[in-house]
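Order of appearance sets the numbers: ligands from 1, and atoms from 1 within every ligand. Keep in mind that what you see is a predicted model, and the values were worked out from it rather than measured.
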Amino acid sequence: MKSLASRGEQIKRPLHREMRDYAAKLGFEDMIYLNIGEPDFATPQPIIEAGKKAMEEGFTHYTGERGIKPLREALAEQLKASLGLEYNPEREIIVTGGSSEALFATIMALVDQGDEAIIFSPYYPPYFSAVIAAMGRPVLIPVEKENFNPVPEETLKKITGKTKLMMVNSPCNPTGAVYGENTLKALAEIAVDHDLYVISDEVYERFVFEGEKHVSIASFPGMAERTVVVGSFSKTYAMTGWRIGYVAGPEKAVSGILKLRGAVNVCASSISQKAALAALEKGEPYVSKMIREYDRRRKLVYEALSRVKGFKVSKPKGAFYLFPNISSLERDSFKFARFLAEKAHVVTSPGVGFGEAGEGHLRISYSASIENLKEAAERIRLTVEEGWEGTVST
Ligand SMILES: Cc1ncc(COP(=O)(O)O)c(C=O)c1O
């Protein structure tokens with residue numbers, strides 16, 4: 001039998017899956033899962049109703065490849081209101097099967113064999129996989145250690161004649177960082193000076209706290225024509241299972257993305273598109289309520305984990321993650337995450353699963369009830385105080 005394509009060999013099984021398997025094997029009934037990368041809220045009822053109605057009315061077939069027009073128009077309006085950017089819904093927006101599909105198709109459309117793509121590390125692992133699939137070269141640039149923002153001077157040093165793309169993800173998974181406006185401005189200047197494309201993954205755009213405002217790198221001078229904004233309904237409207245997202249960008253890039261997206265999907269789910277339209281029309285009161293609740297949780301977990309000896313916690317301003325530095329206790333984050341699962345019955349994500357720069361950290365999701373968050377943080381504190389002997393059973 002001939003071997004599989006070599007591109008797959010460079011893509012490792014995500015460590016968060018290994019961690020999930022490990023936790024399942026332990027089989028503790030009181031296990032608390034803080035490794036979850038999706039909202040724990042139910043999809044708001046008006047969105048569910050719109051999905052049901054679409055099915056009952058027989059809106060259950062393919063739609064046009066770009067997505068239904070009212071949804072693209074509503075997205076254009078929303079992008080104008082939130083980012084101050086004008087996108088033509090006919091030519092500059094495509095509705096996709098989640099932002100995952102959007103990211104993959106966009107990277108395939110922009111990256112040629114041998115092209116370099118800048119990815120700030122730690123990073124959302126599919127960026128790396130998609131660049132590899134495109135036969136490009138991921139150039140991983142560690143972020144600043146305290147506030148997890150990219151360092152423009154370091155970025156500049158890594159630019160070569162082959163650099164084609166810069167991935168930007170603010171608010172960031174896994175660190176919870178919101179990039180400062182000056183950082184974004186400096187990155188934008190680098191992109192303009194070196195004629196780079198930028199993919200701005202803004203799936204956590206609504207998850208911004210501490211009085212910060214979400215700023216898109218696409219809104220800086222010279223950026224709209226080189227930036228593809230990737231968005232999603234998954235996190236904002238608690239719609240992960242509906243698989244619905246979008247891209248918005250310059251017409252040339254969007255036409256290229258449309259061609260490549262055609263290789264992975266005909267169109268986004270018709271039912272989910274109707275539901276997404278209802279989300280834009282009726283979802284806001286639900287979103288504001290959920291965001292207030294995430295903020296409460298964020299403050300609580302930050303304070304609770306700051307009390308754990310050996311945990312160095314930066315206060316995150318965005319997304320729904322904390323990324324404590326645990327390296328004074330143990331540098332091997334997979335080992336330490338297994339220890340916590342085994343002894344505290346709390347599942348976290350090892351930071352190294354998000355790139356080498358994430359080693360010595362844990363990603364803690366606060367997409368869990370206040371009660372579970374309090375209990376989990378207390379268990380972690382007690383377990384760490386009892387002592388870490390440097391061993392786990394497997
Ligand atoms: C940064 C980031 N981008 C994209 C996605 C993909 O989301 P979806 O495909 O559900 O829109 C995720 C999901 O966790 C994410 O964290």
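- By the 30° and 60° cut-offs, the orientation of the rings of Y204 relative to Y321 is perpendicular.
- In this structure, M135 shares a hydrophobic cluster with no other residue, the cluster being traced through Ile, Leu, Val, Met, Phe, Trp and Tyr side chains under 4.5 angstrom apart.
- With respect to atom 3 (N) of ligand 1, the closest heavy atom belonging to the protein is D201 OD2, 2.6 Å.
- P316 has its side chain out of reach of T175: every pair of non-hydrogen atoms, C-beta onward, lies at least 4.5 Å apart.
- Closest to atom 5 (C) of ligand 1, if we only count protein heavy atoms, is Y124 OH, 3.3 Å.
- Under 4.0 angstrom from ligand 1, there are no non-hydrogen atoms of F233.
- V192 and L110 fall into different hydrophobic clusters, where Ile, Leu, Val, Met, Phe, Trp and Tyr are joined by side-chain heavy atoms under 4.5 Å apart, directly or via other members.
- Geometrically, R338 engages F334 in a cation-pi contact, judged by NZ or CZ lying under 6.0 Å from the ring centre and within 45° of the ring axis.
- Taking the six-membered ring for Trp and thresholds of 30 and 60 degrees, F354 and F323 have ring planes more than 60 degrees apart, a perpendicular arrangement.
- For E101, no heavy-atom contact with ligand 1 is shorter than 4.0 Å.
- No part of E38 comes within 4.0 Å of ligand 1, judged by heavy-atom distances.
- Looking at atom 14 (O) of ligand 1, its nearest protein heavy atom turns out to be K235 NZ, 2.6 Å.
- In this structure a side-chain-to-backbone donor-acceptor pair under 3.5 Å is present from T96 to G245.
- Neither the backbone nor the side chain of V230 has any atom closer than 4.0 Å to an atom of ligand 1 (non-hydrogen atoms only).
- Listed by number with element, the atoms of ligand 1 under 4.0 Å from a non-hydrogen atom of S232 are 8 (P), 11 (O).
- With a heavy-atom cut-off of 4.0 Å, S99 touches ligand 1 through backbone and side chain alike.
- The single protein non-hydrogen atom nearest to atom 10 (O) of ligand 1 is S234 OG, 2.6 Å, given as residue, atom name and distance.
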